[in-house]
Amino acid sequence: MAQAKIQAKMNEATCSKFSRTLSMADRSGRLLESLDQLEMRVEALREAASAMEQERECILEMIQSLQNSQEMRNICAGEREELTLTANRLMGRTLSVEISVGTIRNPQQEEALQKATSIIDEIVKKLLDDMEGSRQKLLALHAACVTEAPAVPINQKFQAIVIGCALEDQKNIKRRLETLLRNVENAEKNIKIMDHQKLENTKANGSQ
C-alpha cells in the first residue's frame with residue numbers, strides 16, 4: 001500500500017514536471033516569435049533611415065548643382081540673388097535634418113574602413129590640382145566596388161580593402177565615389193562652359 005502511494009506520487013511529479021516543461025517551451029516559442037518580428041521591424045527601420053539618408057544627400061547635391069549651374073549664371077543679378085537666397089534656405093533646412101545609421105564592425109572591418117576612407121580622401125585633396133587624373137583614380141576605385149565587369153582598370157589594392165569592410169560600409173563607399181564622380185563631371189562641364197564664354201568674349205572684344 002505504501003509502495004503504491006510512493007509510485008503514485010512519483011508519477012504525479014513526473015507529469016507535473018512534463019507539463020511545466022511544455023509550458024516553458026511554449027513561452028519560449030512565443031518570445032522567440034516576438035523577437036523575430038521585432039528583428040524584421042528593426043531591419044525595416046534601418047532600411048528606411050538609410051533611404052532617408054540617401055535622399056538627404058541627393059537633395060543637397062541637387063541644390064549645389066543648381067547653385068553652380070549655367071542657368072543660374074545666365075539670369076539677371078536681381079533674380080539670381082533671389083534664387084540664391086531660396087537655395088540657401090533649402091540647403092539650411094535640409095542640413096537641419098540629421099539622420100544616422102550606425103554600423104556594427106569588428107576591429108578588422110574598422111581598420112579596413114579607415115584605410116578605404118584614407119585612400120579616397122587623398123585623391124579628393126588633389127582634385128583641384130589634377131582633376132582629370134583624380135577622376136581616373138576615382139573611376140578605378142569605383143570599378144573595385146561594382147560586381148559587373150567595369151570598362152576601366154580596377155584598383156586591386158582598394159578592392160581587397162573594400163572586401164574587408166562591413167557590407168553597409170561597402171555600399172556607403174560605393175555611393176560616396178559615385179557622388180564624387182558626378183561632382184567632378186559637373187565641375188568639368190562648368191569649366192568648359194566658362195572657357196567657352198571667355199573665348200567668345202575675347203572674340204567679341206577683338207572684333208570691336
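These numbers come from the heavy atoms of this one structure, side chains and all, not from hydrogens, waters or symmetry mates.
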Rounding to 0.5 Å, atoms OG (S134) and CG (L128) come to a distance of 8.5 Å
Co-members of I99 in a cluster of I, L, V, M, F, W and Y side chains, linked at under 4.5 Å: M52, V97
V152-I120 co-clustered via ILVMFWY side chain contacts under 4.5 Å: yes
E122 meets the side-chain hydrogen bond (donor to acceptor under 3.5 Å, both in side chains) criterion, sequence neighbours left out, with K125
Can you tell me if T94 uses its side chain to pair, donor with acceptor, with the backbone of L90 under 3.5 Å? yes
Sort and list the pairs that fulfil salt bridge (charged side-chain N to carboxylate O under 4.0 Å, His left out) and have at least one residue in residues 89-104, not counting sequence neighbours. none
Interatomic distance, CD@E79 vs CG@N74, rounded to 0.5 Å, equals 11.5 Å
In terms of hydrophobic clustering (I, L, V, M, F, W, Y; side-chain heavy atoms under 4.5 Å; direct or indirect links), are I173 and V124 co-clustered? yes
Got more than 12 heavy atoms from elsewhere within 6.0 Å of CD, Q37? yes
To which residues is I75 joined in a hydrophobic cluster, defined by side-chain heavy-atom contacts under 4.5 Å among Ile, Leu, Val, Met, Phe, Trp and Tyr, whether direct or through other members? M72, L83
Is atom CD of E82 surrounded by more than 12 heavy atoms (other residues, nucleotides or ligands) closer than 6.0 Å? no
Do any N or O atoms from the side chain of S69 and from the backbone of L66 form a donor-acceptor pair under 3.5 angstrom? yes
Once you round to the nearest 0.5 Å, how far does CG of L60 lie from CD of E55? 10.0 Å
Looking at E111, is its backbone amide N or carbonyl O close enough to the side chain of Q114 to form a donor-acceptor pair, meaning the two atoms are under 3.5 Å apart? no
Is the backbone of M24 close enough, under 3.5 Å, to the side chain of S28 for a donor and an acceptor to pair up by distance? no
Check step by step if side-chain contact (heavy atoms from CB on, under 4.5 Å) holds for N88 and Q67. CA-CA 9 Å; N88 289 339; Q67 288 175 323; 2.9 Å; yes
With rounding to the nearest 0.5 Å, note down the distance linking CD1 in I59 to CD1 in I63. 7.0 Å
Restricting to non-hydrogen atoms, name the atom on E61 and the atom on T179 that form the minimum distance, rounded to 0.1 Å. OE1-CG2, 3.7 Å
Check residues 136-148 and write down every donor-acceptor pair under 3.5 Å in which the side-chain atom is one partner and the other belongs to a residue at least two apart or another chain.
residue, atom, partner, partner atom, Å
Q136, NE2, E132, OE2, 2.9
H142, NE2, E178, OE2, 3.2

Return each pair, listed once, that meets side chain to side chain donor-acceptor pair (under 3.5 Å) where at least one residue sits in residues 163-173; pairs must be two or more places apart or across chains. R46-E168, T103-E168, R105-D169, N172-R175
Taking salt bridge (Lys or Arg N to Asp or Glu O under 4.0 Å) as the test, write out the residues that go with K126, two or more places apart. none
With sequence neighbours excluded, what pairs up with R41 under the side chain to side chain contact (heavy atoms under 4.5 Å, CB included) test? none
Rounded at 0.5 Å granularity, tell me how far CG in N183 sits from CD in Q64. 6.5 Å
Would a 4.5 Å heavy-atom cut-off, applied to side chains only, mark M91 and L95 as touching? yes
Could you pull out all residues at least two apart from E81 that satisfy salt bridge (Lys or Arg N to Asp or Glu O under 4.0 Å)? none
Going by salt bridge (Lys or Arg N to Asp or Glu O under 4.0 Å), name the residues that satisfy it together with D121, two or more places apart in sequence or in a different chain. R176
Taking every heavy atom of I104 against every heavy atom of Q109, the minimum-distance pair comes out as O-OE1, 4.0 Å
Got a list of side-chain donor-acceptor pairs under 3.5 Å for residues 153-166, not counting sequence neighbours?
residue, atom, partner, partner atom, Å
N155, OD1, K157, N, 3.3
N155, OD1, F158, N, 2.9

Once rounded to the nearest 0.5 Å, what's the spacing between atom OG of S50 and atom CG of L45? 11.0 Å
Residues in salt bridge (Lys or Arg N to Asp or Glu O under 4.0 Å) with R80, at least two apart? none
